[in-house]
Number of protein chains: 2
Amino acid sequence: MAKYQEIAAVLAKQIVEGDYRLSGKLPTEKELMDQFQTSRNTIRSAIGLLADQGYTYQVRGSGIYIKEINFDNSVNLNLVKGLTSEFREQVNQSKLLELSTVEATEELAKLFAISEGLPLYYVKRIRYLDQEPIRVEMTYYRQDIVPYLGKEIVEQSIYDYLTENLGLQIGFADRQISADYLTEEHAGYLNLQAKDPSLRIREKTYLTNGQLFAVATGVLHFEKITLFASGKVYQ
Amino acid sequence: MAKYQEIAAVLAKQIVEGDYRLSGKLPTEKELMDQFQTSRNTIRSAIGLLADQGYTYQVRGSGIYIKEINFDNSVNLNLVKGLTSEFREQVNQSKLLELSTVEATEELAKLFAISEGLPLYYVKRIRYLDQEPIRVEMTYYRQDIVPYLGKEIVEQSIYDYLTENLGLQIGFADRQISADYLTEEHAGYLNLQAKDPSLRIREKTYLTNGQLFAVATGVLHFEKITLFASGKVYQ
DNA sequence: TAGTGGTCTAGACCACACG
DNA sequence: GTGTGGTCTAGACCACTAA
């Protein structure tokens, strides 16, 4: 991990643990330079990461302020990480509904920019938070990038498996969010009624080299999960 | 505007106009340095802005790639700008439902970090896209920061008025997204049925100095609007 | 006025992609 | 191997906040 990423991780941990709750501010850039024995630009890169993640904002002439945001039961759309790490303590189960190999249809082949007929994994799971179903999730993975998926893996954190065991470098994800009626099938999984509202996320996940390797659709329990996003003004 | 912001604006315009469609890539950082006669870090700041806005991603050893994303009928959660500029040509109307001055209740006072009883503007509007209602929007503004709002303003772009006429420096917005049933009232505005799904955005908008000056709730037509968000992996 | 963050420069070395 | 972007340094000047 780069130095600025390590610094950001240290500061993020301190923020979460409430080390700066009294002042509501981080030390100044100058003080952080001394503390971490590094250049100003490196400190600024670290602070930039914190801002991107929704932890802080800076005010010229004044300092680095901590945002008081409650991320409970909320998925941060500015980040890419598994649900498991987003709700670290509480999400400990996935119920596997389907794990199969399918050939890329014309639509999927076009989406992934691969040839029609190439093999994809298809995974359908229910995710739980505090023993309650919160999300139905259907994902396709390119098999040339993810050569193996098994029941023992998809019932845990697929994200951890991809990054730690396969060494994949996940870079970014683009997401489209919408609301819709629940289908009878999904309502059953989520203990809701058909025609109830649902929050849908259509997600494309890319490696750092720009390769699209997973396409997912998530159907979320509208009463138990919200999304969070931080936006900036440009120009 | 800073040099890197101007460079980003030029490149964004070129991307939107399709100047790089053949290669799908921008020139290399080195070439951009020559082209804009500036240092590498300034170029990298500009490219960073484009990435934040969802236009591009970089691959080490390879280049700067353009994302092919269709933002049609989609609100980009990574940005803060008025609906009017998000859908520049098509959104040309707002129907004013209410414009009043209210005293901050205990809840609102706490949210804005102001004293109870201080005056706020309350604006309730319906926004249209291609003559169809797409969003009901209820917003509170701090009157000490927005000293005047009138019918002639709220039927146009409030965002433009705040930035251009009042000179407010809007910095960032935090948003919470959820799905819910439509109330009878909102269903009426959106030409939908009560109990249909709706996409809700609860938004807090801040000045660059960190002051919260507007709190809004948006109720979106679930069939006509989706949201877009780009997320990155950290560490 | 002193201190803070915002921008910019001109270098350096490294890790990775691609031919 | 060559070229690309990723990280890092050590400065400089400027714009803004706060006292």
Side-chain angles (χ1 to χ4, degrees), chain A residues 1-9 11 20 23-52 55-66 145 167-172 206-211 232-235, chain B residues 1-9 11 20 23-52 55-66 145 167-172 206-211 232-235:
Chain A
M1 207 188 295
K3 196 192 286 191
Y4 77 94
Q5 291 173 324
E6 284 178 6
I7 295 171
L11 294 174
Y20 302 108
S23 62
K25 295 170 71 172
L26 287 188
T28 65
E29 294 185 350
K30 176 94 184 51
E31 287 166 347
L32 291 171
M33 285 167 67
D34 293 343
Q35 185 178 328
F36 291 101
Q37 282 299 304
T38 188
S39 72
R40 187 166 166 222
N41 281 345
T42 300
I43 291 298
R44 285 183 60 77
S45 293
I47 301 301
L49 274 195
L50 295 179
D52 284 350
Y55 286 118
T56 59
Y57 63 91
Q58 288 184 277
V59 178
R60 186 190 323 208
S62 186
I64 307 166
Y65 292 85
I66 295 169
I145 296 178
L168 292 184
Q169 304 247 16
I170 299 176
F172 57 94
Y206 297 81
L207 301 179
T208 53
N209 68 7
Q211 274 190 307
K232 275 185 286 187
V233 172
Y234 296 101
Q235 283 111 44
Chain B
M1 204 189 297
K3 195 191 287 189
Y4 76 94
Q5 291 172 325
E6 284 178 6
I7 295 171
L11 294 174
Y20 302 109
S23 61
K25 295 169 72 172
L26 287 187
T28 65
E29 293 185 351
K30 177 93 182 50
E31 287 164 348
L32 291 171
M33 286 167 68
D34 293 343
Q35 185 179 327
F36 290 100
Q37 281 299 304
T38 189
S39 72
R40 186 165 168 221
N41 280 346
T42 299
I43 291 297
R44 284 183 62 76
S45 293
I47 301 300
L49 275 194
L50 295 178
D52 284 350
Y55 287 117
T56 59
Y57 63 91
Q58 288 183 278
V59 178
R60 184 188 327 208
S62 185
I64 306 166
Y65 292 85
I66 295 170
I145 296 179
L168 292 184
Q169 304 247 15
I170 299 177
F172 56 93
Y206 297 82
L207 301 179
T208 52
N209 69 7
Q211 274 190 309
K232 274 185 288 188
V233 172
Y234 296 101
Q235 284 108 42

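Model, not experiment: these values are computed from the prediction. Protein chains get the first letters and strands the later ones, always in sequence-line order, with residue 1 at the start of each.
Regarding A:M1, its CE atom lies at a distance of 15 Å from the C1' atom of D:dG6, rounded to whole Å. In this structure, CD of A:Q169 is placed 12 Å from P of D:dG6, rounded to the nearest angstrom. If you measure from atom CD of A:E29 to atom C1' of D:dA10, you get 15 Å, rounded to the nearest angstrom. As rounded to whole Å, 12 Å separates atom P of D:dG6 from atom CD of A:Q5. Distance CG (A:D34) to P (C:dT4): 11 Å, rounded to an integer number of Å. As a whole-Å value, the separation of A:L32 CG from C:dT4 C1' is 12 Å. In this structure, the CE atom of B:M33 is 10 Å from the P atom of C:dG11, given to the nearest Å. When rounded to the nearest whole Å, the span between CD1 of B:I43 and C1' of C:dA10 equals 14 Å.
An OP1 or OP2 oxygen of C:dG5 is reached within less than 4.0 angstrom by no side-chain nitrogen or oxygen of A:K30. In terms of phosphate contacts, A:R44 brings no side-chain nitrogen or oxygen within less than 4.0 Å of OP1 or OP2 of C:dG5. Considering only side-chain N and O atoms, A:Q58 lies nowhere under 4.0 angstrom from the phosphate OP1 or OP2 of C:dT4. Under 4.0 angstrom from either OP1 or OP2 of D:dC8 there lies no side-chain N or O belonging to A:T38. Under 4.0 angstrom from either OP1 or OP2 of D:dG6 there lies no side-chain N or O belonging to A:K3. Contact annotation: A:T42 side-chain N/O to D:dT9 OP1/OP2 distance is under 4.0 Å.
Contacts of A:S62 with the nucleic acid, taken as non-hydrogen atoms under 4.0 Å apart, involve only primed sugar atoms and P, OP1 or OP2. Backbone-only engagement by A:I64 is indicated by non-hydrogen atom pairs under 4.0 Å involving sugar-phosphate atoms exclusively.
In this structure, the side chains of B:I64 and B:E29 come closer than 4.5 Å at one or more pairs of heavy atoms. You'll find the side chain of A:L32 reaches within 4.5 Å of the side chain of A:I47, heavy atoms only.
Distance CD/A:E31 to CE/A:M33: 11.5 Å, rounded to 0.5 Å.
Aromatic ring pairs are classed by plane angle as parallel below 30°, tilted from 30° to 60° and perpendicular above 60°; the pair A:F172 and B:Y57 is tilted.
With B:K25 contributing its side chain and B:S62 its backbone, the two residues share a donor-acceptor pair below 3.5 Å.
Projected onto DNA chain D by closest heavy-atom contact, B:N41 and A:G61 fall at different nucleotides, the more 5' of which corresponds to B:N41. Positionally, the nearest nucleotide of DNA chain C for B:S39 lies more toward the 5' end than for the other of B:S39 and A:N209.
Checked by distance alone, B:R60 brings no side-chain donor or acceptor within 3.5 Å of a matching partner on the base of D:dT7.
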